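Let me begin by presenting the structure, written as structure tokens, before commenting on it.
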Amino acid sequence: MAEAAEFQGTRSAPACRWRRRTAVLLAGMLFVLGLGQLRAAPVARADNPGGHAVGVTVDSFAPVAPRQDDTLTISGSVTNNSGSTITGAHVGLRVGQQVGTRSDMDDIGDRSGFSGSDGSEIGNHTQKLDALPPGVSRDFTLSLPVKDLDLGKDGVYQLGVTVSGQAGGSSERVLGIHRTLLPWQPSATEGKKTRLTFLWPLISGTHLTARTEPDQQQTPIFPNDDLAAELGPGGRLQQLVALGKTLPVTWVIDPDLLATVEAMTKRYQVGGPGGQSTPGKGQAVAKQWLNQLQDAVANHEVVALPFADPDLASLAHRGKDVSGALSHLQSATELASVTVDTILGVKPRTDFAWPVDGAVDSSIVDVATSAGAHNVIARSDSLKEPGASPYAPTAARQIGGGNTAIVADARLSTAFQGDMVRGNDASLAVQRFLAQSLVVNKQAPENERSIVVAPQRMPTASQAQAMATALRGLSDERWAQPMSLGDAARMQPDPAANQQVPGAGSYPESLRDQELPTEAFEAIQRTQGALDSFKVILTSQDRVVTPFGSAIMREMSTSWRGNPRGAAGFRDAVQSYLTELTRQVHLVEKSDATLSGRSATIPVTVHNGLFQGVRGLKLVLTSSQPNRLKIEAPRQIEIGGGRQQSVKFETRANANGPVQVTARLYTEDGQPYGEPVLFTVHVTSITPMVLLVIAGGVLLLVLAGLRIYLQRKRAAARGAAGDGPGNGDGGDCGDDGGAGDGEPGQPGDPAAESGARDGSPSGSGEKVER
């Protein structure tokens, strides 16, 4: 309508243009102001207390569980995360509300923003800070008598460390806060203490294969020397031993670790590229570590896991249907006791099984208890309480079949997971652990309960230090009292506790995805079968059975979880080395042979490249045409280490021509060993004259047989004629004529001819035929 009025030349046109220009100008101003607000927004949010303009960390909190007469000291640092300089800042301490439930403690260190529930700042106990430019950090230390906190009844309180100051010219406000937990028990426990069992795991990954040097000592060859760093000063394993020595814990040890370290105390080699190895350098730290461990466990309960810590869940879900796979668990359990007793001089308990993360189902329990472990360490987030009850019952549960589930508390067991390198994280984990344990005790102070803590399998050095700090805060005078795992297993179960083992469908998929596949157990059994076939020919079986038996157990280790490529590479290396050894006993390739006579000797050479001797083998030569070339019976083989033996077979040729011969080794039970050797024997020494003589002899034999046959036939005919009419007296003439004196085989000679040659006169009584 405005454009129409202007076109018609009306008076309203200039006014409309003015209004439009004014509107455009106002819109532009608003747009510019909006951009300015958008640019300023990040700074505003950074200065906002809810955005943590200043980051606060607490690296030290002592004592971790203070008493009424203690002095509390908190140290840490503050960092300006905003884009403006902070002035007039100071660090203070605030006591918040009492925390009543365990779930409220889970995220106590993660909540952002400041609220009235964080409490008022405690006066006269603050520390002023110099101006904080952007990105700058400053340390602080607050120290005050615990009584000034003005805490009420015993329980768990939220404690906040705050930074207050001015940012960007604003008035003073709280710019950052770090919350932690303060377990408070001013006097002795009223009621019964919680019996706390803390497992102290001494477990490592696989560091040793079956490969050794071919010498009398069987010098082991390590793939690397990483274990030496863990055993040395400040290393993970060194810290675990040094810290655990003075703590009220139950040691849970993988015997494979002991066997590996014990091997390092002697001469050992470290593999390198191209098959070259160099001497290992960890003998000193290995000896020192074992000595320290022997002292550390002297007065503690020791639980030995099956050798190499086999993955029970993988066995239950993927391996139990592979023939022979479960037998390794029994062998690993038996070897565990012997290993710990021999190296540490301590008789360990082997009746406990510990599935990964305490996750159990019925099949895992069946496998775990099949080797004699009647106590299964589970976790409360796997064997859950009905109705998600917050109450923590006694750990021991009867699960049928004479078996007991030791259900570790999930919150306490996972309190030290994650990165504990930063003091802020470690301090919060310690306070959270102690607070959780106090709340558990306050759930039913009139009941004496047993609580078990099963932390991560391989804690880092920083995690171990945090765990040790927490345990030191639980002295006998506080709300918890230490108990061994064996005693915890014997505790009377809580009647209301869940005793039903979950089904297979409840097993976490995240853990199932990390399991060893069925193909791994099939490969393990192929290696075991090859070892069984190889050992029967050895004169010193232990030199091969011991290292390879241990290596096969290591192939099932829990430490392979999340590392399928490493697990497959380890299995392949063990199988390849075993194949390499078995091929050290073999037949030497043989060229074709020519016989120089009807009988000859064929030599076959057997080579033994092993350090030890072999026996129980027989060498068989088989002719493809026995009617042309006959070979004598198999020969028994026994060869010393590093030698070869030439075995000679007598042969007999019956005809010219090539004959293929197969030479092969067999074990005593008739199983073929190694690859066969094929060669050709050319029979060319039977000449035409020899063949003519042989043919003539055969012809003479045939003619002689024909003559005998004809003579017998004539004799039979003559005897039939003598029995006819009128010949009844012929027998007397035959006697007189001498026919009876001839050979019985020649009945055809006439008797009258003999009588005619006789010149003497006939007797008066003789009858002479004319």
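All of these numbers come straight from a predicted model, not from anything done at the bench.
Sorted by first then second residue, the salt bridge (charged side-chain N to carboxylate O under 4.0 Å, His left out) pairs that include residues 279-294, not counting sequence neighbours, number zero. Applying the side chain to side chain donor-acceptor pair (under 3.5 Å) test to pairs two or more places apart or on separate chains, those with a residue in residues 367-380 are D351-N375, H374-N403, R379-D381.
Residues passing the salt bridge (Lys or Arg N to Asp or Glu O under 4.0 Å) test with D154 are K442, sequence neighbours excluded. Residues passing the side chain to side chain donor-acceptor pair (under 3.5 Å) test with T260 are D256, sequence neighbours excluded. Applying the side chain to side chain donor-acceptor pair (under 3.5 Å) rule to R512 yields no partners; only residues at least two apart in sequence or on another chain are considered. For E334, there are no salt bridge (Lys or Arg N to Asp or Glu O under 4.0 Å) partners two or more places apart in sequence or in a different chain. Checked against salt bridge (Lys or Arg N to Asp or Glu O under 4.0 Å), D425 has the following partners two or more places apart in sequence or in another chain: R422. Not counting sequence neighbours, T206 has no partner by the side chain to side chain donor-acceptor pair (under 3.5 Å) test. Partners of R571 by salt bridge (Lys or Arg N to Asp or Glu O under 4.0 Å), not counting sequence neighbours: none found. With sequence neighbours excluded, the residues forming a ring-ring contact (aromatic ring centres under 6.0 Å, His included) with F548 are Y577, listed by chain and number. For the side chain to side chain donor-acceptor pair (under 3.5 Å) test, no residue two or more places apart in sequence or in another chain qualifies with Q288.
Put simply, the side chain of D70 gets close to the backbone of R67: a donor and an acceptor are under 3.5 Å apart. A donor-acceptor pair is defined here as one N or O able to donate and one able to accept, closer than 3.5 Å; no such pair exists between the side chain of W560 and the backbone of G205. The backbone N or O of P502 lies less than 3.5 Å from no partner atom in the side chain of D361, so there is not a single donor-acceptor pair. Of the possible polar contacts, none joining the D225 side chain to the A228 backbone as a donor-acceptor pair under 3.5 Å is found. E385 contributes no side-chain N or O that, together with a main-chain N or O of A392, makes up a donor-acceptor pair within less than 3.5 Å. Between the side chain of Q431 and the main chain of V64, a donor-acceptor pair closer than 3.5 Å is present. In this structure, the side chain of R478 engages the main chain of Q185 through a donor-acceptor pair within 3.5 Å. Panel note: side chain S382, backbone A378; no donor-acceptor pair is recorded below 3.5 Å. Judged purely by atom type and a 3.5 angstrom limit, T342 has no side-chain atom pairing as donor or acceptor with the backbone of T339. A donor-acceptor contact shorter than 3.5 Å is absent between the side chain of T212 and the backbone of P220.
When side chains are defined from C-beta on, P306 counts as touching L329, because their heavy atoms get closer than 4.5 Å. Contact check for D69 versus V146: no side-chain heavy atoms found under the 4.5 Å cut-off. I253 is not listed as a side-chain neighbour of I203, based on a closest heavy-atom distance of 4.5 Å or more.
Under a 4.0 Å N-O distance rule, the pair D309/R457 qualifies as a salt bridge. With respect to the salt-bridge test (charged N to carboxylate O, under 4.0 angstrom), the residues E448 and R195 qualify. Here D311 pairs with R561 in a salt bridge; the nearest charged N to carboxylate O distance falls below 4.0 Å. Looking at R349 and E301, a side-chain N of the basic residue comes within less than 4.0 Å of a carboxylate O on the acidic one, giving a salt bridge.
Note: R102 CZ to Q436 CD = 4.5 Å, rounded to the nearest 0.5 Å. Atoms CD1 and CD1, on I399 and I406 in that order, are 9.0 Å from each other to the nearest 0.5 Å. Taken to the nearest 0.5 Å, the CG atom of L485 stands 10.0 Å off from the CH2 atom of W354. Note that OG1 of T394 and CD of Q492 are 9.0 Å apart. Values are rounded to the nearest 0.5 Å. Here M483 contributes atom CE and S450 contributes atom OG; the two are 5.0 Å apart, rounded to the nearest 0.5 Å. For the atom pair OG of S413 and CG of L199, the computed distance is 7.5 Å after rounding to the nearest 0.5 Å.
Environment of CG in D513: crowded, with over 12 heavy atoms of neighbouring residues, nucleotides or ligands closer than 6.0 Å. Remark: N299 CG is loosely packed, at most 12 non-hydrogen atoms of other residues, nucleotides or ligands lying under 6.0 Å away. Heavy atoms of other residues, nucleotides or ligands lying less than 6.0 angstrom from CD of Q68 number more than 12.
No side-chain N or O of W200 forms a donor-acceptor pair with one of T250 less than 3.5 Å apart. Checking R267 against T219 by side-chain atom types alone, a donor-acceptor pair falls below 3.5 Å. Residues S484 and D487 have side chains that bring a donor and an acceptor to within less than 3.5 angstrom of each other. Donor-acceptor pairing under 3.5 Å is lacking for the side chains of D106 and S103.
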Test R449 against K192 for side-chain contact (heavy atoms from CB on, under 4.5 Å), laying out the working first.
CA-CA 8 Å; R449 284 176 295 164; K192 297 183 178 180; over 6 Å; no
Could you walk me through whether I451 and L412 pass side-chain contact (heavy atoms from CB on, under 4.5 Å), step by step?
CA-CA 9 Å; I451 303 299; L412 295 176; 3.8 Å; yes
Derivation and outcome, side-chain contact (heavy atoms from CB on, under 4.5 Å), residues L293 and L344:
CA-CA 8 Å; L293 180 59; L344 295 183; 3.8 Å; yes
In sequence, state the C-alpha distance, the side-chain angles, and the governing distance for W479 and S437, and then conclude on side chain to side chain donor-acceptor pair (under 3.5 Å).
CA-CA 8 Å; W479 55 87; S437 65; 3.0 Å; yes
side-chain contact (heavy atoms from CB on, under 4.5 Å) evaluation trace for D254 with S204
CA-CA 8 Å; D254 176 9; S204 185; over 6 Å; no
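The aromatic rings of H300 and W251 sit perpendicular to each other, their planes meeting at more than 60°, with 30° as the lower class boundary.
Between V346 and V302, the shortest heavy-atom distance links the atoms CG1-CG2, 4.0 Å. Closest of all the heavy-atom pairs between P459 and A464 is CB-N, 4.5 Å. R179 approaches L428 most closely through the heavy-atom pair O-CD1, 3.8 Å. Considering every non-hydrogen atom in both W184 and K153, the closest pair reads CD1-O, 3.5 Å. Contact record, H328 with G324: CD2-O, 3.7 Å, taken as the closest heavy-atom pair. Residues L196 and A480 share a closest heavy-atom pair of CB-CB, 4.3 Å.
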Scan the side chains in residues 237-249 for donor-acceptor partners under 3.5 Å anywhere in the protein, sequence neighbours excluded, and list what turns up.
unit_1	atom_1	unit_2	atom_2	d
Q238	OE1	G234	N	3.1
Q239	OE1	Q465	NE2	2.8

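Taking the ring centroids of H207 and F222, they lie at or beyond the 6.0 Å cut-off.
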